[in-house]
Amino acid sequence: MKQMLIFKNSFLLKSIFVIALFVLVFISSVSYKHTISLSESSDLLDHSYKIQIHLEKLLSYLKDAETGQRGFIISKDTLFLQPYNLGREKVNQVFNGLKTLSNKDIPQKKQLDTLFRLINIRFALLENTLEINSNSVTNAKMLDGNLMKGKMVMDSIRTFITKMIDVETDHFNHNQNKYEHEISFTPLFTLLLLLFSVAIFIISYVKITTDLYMLTQTNEQLMISIESMKHAEIIGEFCISQWDLINNKLLYSDNLYRLLGCEPQSFEPTIENYLKYVHPEDRVIVR
């Protein structure tokens, strides 16, 4: 009955260990998945933010070029043309960065192609306006017409950029919500993993301590039984021998040696050594 109880306890412990291992792997995999999702959400937030910054820079450089042109028209001072001269190069740099960032976003990529055509038209009008203004006799009607066309194109550019920024803002808000959702669950799963690991550690420690205590008690009882048996052998003048059939080894108790007139464990416990103490006529029978 006691052996069956020990077997059941052992089976229960193994079952608990398997279940605990499964739960631990499950919680770890979920935590890993949330960590990956958190990293992806962070990258998407950064991506949307960079696109918005590039679009705002693009509009800012266009405004600088336009402001520089107007300052030159009014003052005839070439110092005002510096933002205009640098504007095209800066716009191209920012636009290349936008194309790289929007490489996988097909709708935004198409919007960028349209926006680039409008920017080319705007710079062409800016250059044409400067040529008209550089003539000895400025044609006011042509100048006003170019300025009006430039304003219309610039309004279209602003509209396009605003729409693209709105799209990225929506992406940003969506990714922000996803990021906040992921970041709220990740600490929870990490805490669960920690608590579960601590619980398994405590249960294992209690079980090992209990088993060690039981083993110590059993060993003490066994030592008492062994000592009692040794004294019983001496008093009763009998001995005990054990034969390990699997390994073909013998084990003699100390009193067997005493009954043979020898010191305990004074020779190797084998059949041959034992037969030396048997009368020659009886050895065949004993063997």
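Values in this document were obtained by computation on a predicted structure and should not be read as measured data.
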### Task
Verify salt bridge (charged side-chain N to carboxylate O under 4.0 Å, His left out) between Arg117 and Asp113, making sure each step is shown before the conclusion.
CA-CA 6 Å; Arg117 288 195 293 270; Asp113 293 337; 5.8 Å; no
For [X], look at atom [atom1] and say whether over 12 heavy atoms of other residues, nucleotides or ligands are found less than 6.0 Å away.
| X | atom1 | value |
| --- | --- | --- |
| Gln265 | CD | yes |
| Glu56 | CD | yes |
| Glu263 | CD | no |
| Ile246 | CD1 | no |
| Phe238 | CZ | yes |
| Gln217 | CD | yes |
| Glu281 | CD | no |

Least distance between heavy atoms, [X] atom then [Y] atom:
| X | Y | value |
| --- | --- | --- |
| Cys262 | Tyr277 | SG-OH, 3.2 Å |
| Leu55 | Ile165 | CD1-CG1, 3.7 Å |
| Glu233 | Ser253 | OE1-OG, 2.6 Å |
| Gln52 | Thr169 | OE1-OG1, 3.6 Å |

### Message
Using side-chain contact (heavy atoms from CB on, under 4.5 Å), reason through Thr209 and Tyr213 one step at a time and then give a plain yes or no.
### Response
CA-CA 6 Å; Thr209 304; Tyr213 174 77; 5.7 Å; no
### Task
Output yes when Arg158 and Asp155 qualify as a salt bridge under the 4.0 Å nitrogen-oxygen rule, no when they do not.
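Looking at Arg158 and Asp155, the cut-off is met.
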### Query
Is a salt bridge present between Arg122 and Glu66, judged by a nitrogen-to-oxygen distance below 4.0 Å?
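Salt bridge between Arg122 and Glu66, a charged N being under 4.0 Å from a carboxylate O: yes.
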How many angstroms lie between [atom1] in [X] and [atom2] in [Y], if you round to the nearest 0.5 Å?
| X | Y | atom1 | atom2 | answer |
| --- | --- | --- | --- | --- |
| Leu126 | Met154 | CG | CE | 8.5 Å |
| Arg283 | Ile285 | CZ | CD1 | 13.0 Å |
| Ile53 | Ser48 | CD1 | OG | 11.5 Å |
| Phe160 | Leu112 | CZ | CG | 10.0 Å |
| Ile157 | Ile119 | CD1 | CD1 | 5.5 Å |
| Asn219 | Ile224 | CG | CD1 | 11.0 Å |

### Test log, rule side-chain contact (heavy atoms from CB on, under 4.5 Å), inputs Tyr274 and Val286
CA-CA 10 Å; Tyr274 178 75; Val286 173; 4.1 Å; yes
Joint cluster assignment, [X] & [Y], ILVMFWY side-chain distance < 4.5 Å:
| X | Y | result |
| --- | --- | --- |
| Met148 | Leu125 | no |
| Leu86 | Leu58 | no |
| Leu260 | Ile234 | no |
| Phe95 | Val153 | yes |
| Leu115 | Met152 | no |

Does any non-hydrogen side-chain atom of [Y] lie less than 4.5 Å from one of [X]?
| X | Y | result |
| --- | --- | --- |
| Asp244 | Asn248 | no |
| Arg287 | Glu272 | yes |
| Asn255 | Lys230 | no |

### Task
Evaluate the ring planes of Phe267 and Tyr252, with Trp represented by its six-membered ring, and classify them as parallel (under 30°), tilted (30 to 60°) or perpendicular (over 60°).
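The rings of Phe267 and Tyr252 stand perpendicular, inter-plane angle above 60°.
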### Query
For Tyr61 and Lys57, what are the C-alpha separation, side-chain angles and deciding distance, and is it a side-chain contact (heavy atoms from CB on, under 4.5 Å)?
CA-CA 6 Å; Tyr61 291 147; Lys57 281 184 177 181; 4.2 Å; yes
### Worked check of side-chain contact (heavy atoms from CB on, under 4.5 Å) between Leu250 and Gln242
CA-CA 6 Å; Leu250 291 169; Gln242 299 178 26; over 6 Å; no
### Task
Would you please say whether a donor-acceptor pair under 3.5 Å links the side chains of Arg70 and Thr67?
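No, no side-chain donor-acceptor pair sits under 3.5 Å.
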### Query
Quick check: does any side chain N or O of Asn273 sit under 3.5 Å from a backbone N or O of Pro269, one acting as donor and the other as acceptor?
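No, because the side chain of Asn273 does not come within donor-acceptor range (under 3.5 Å) of the backbone of Pro269.
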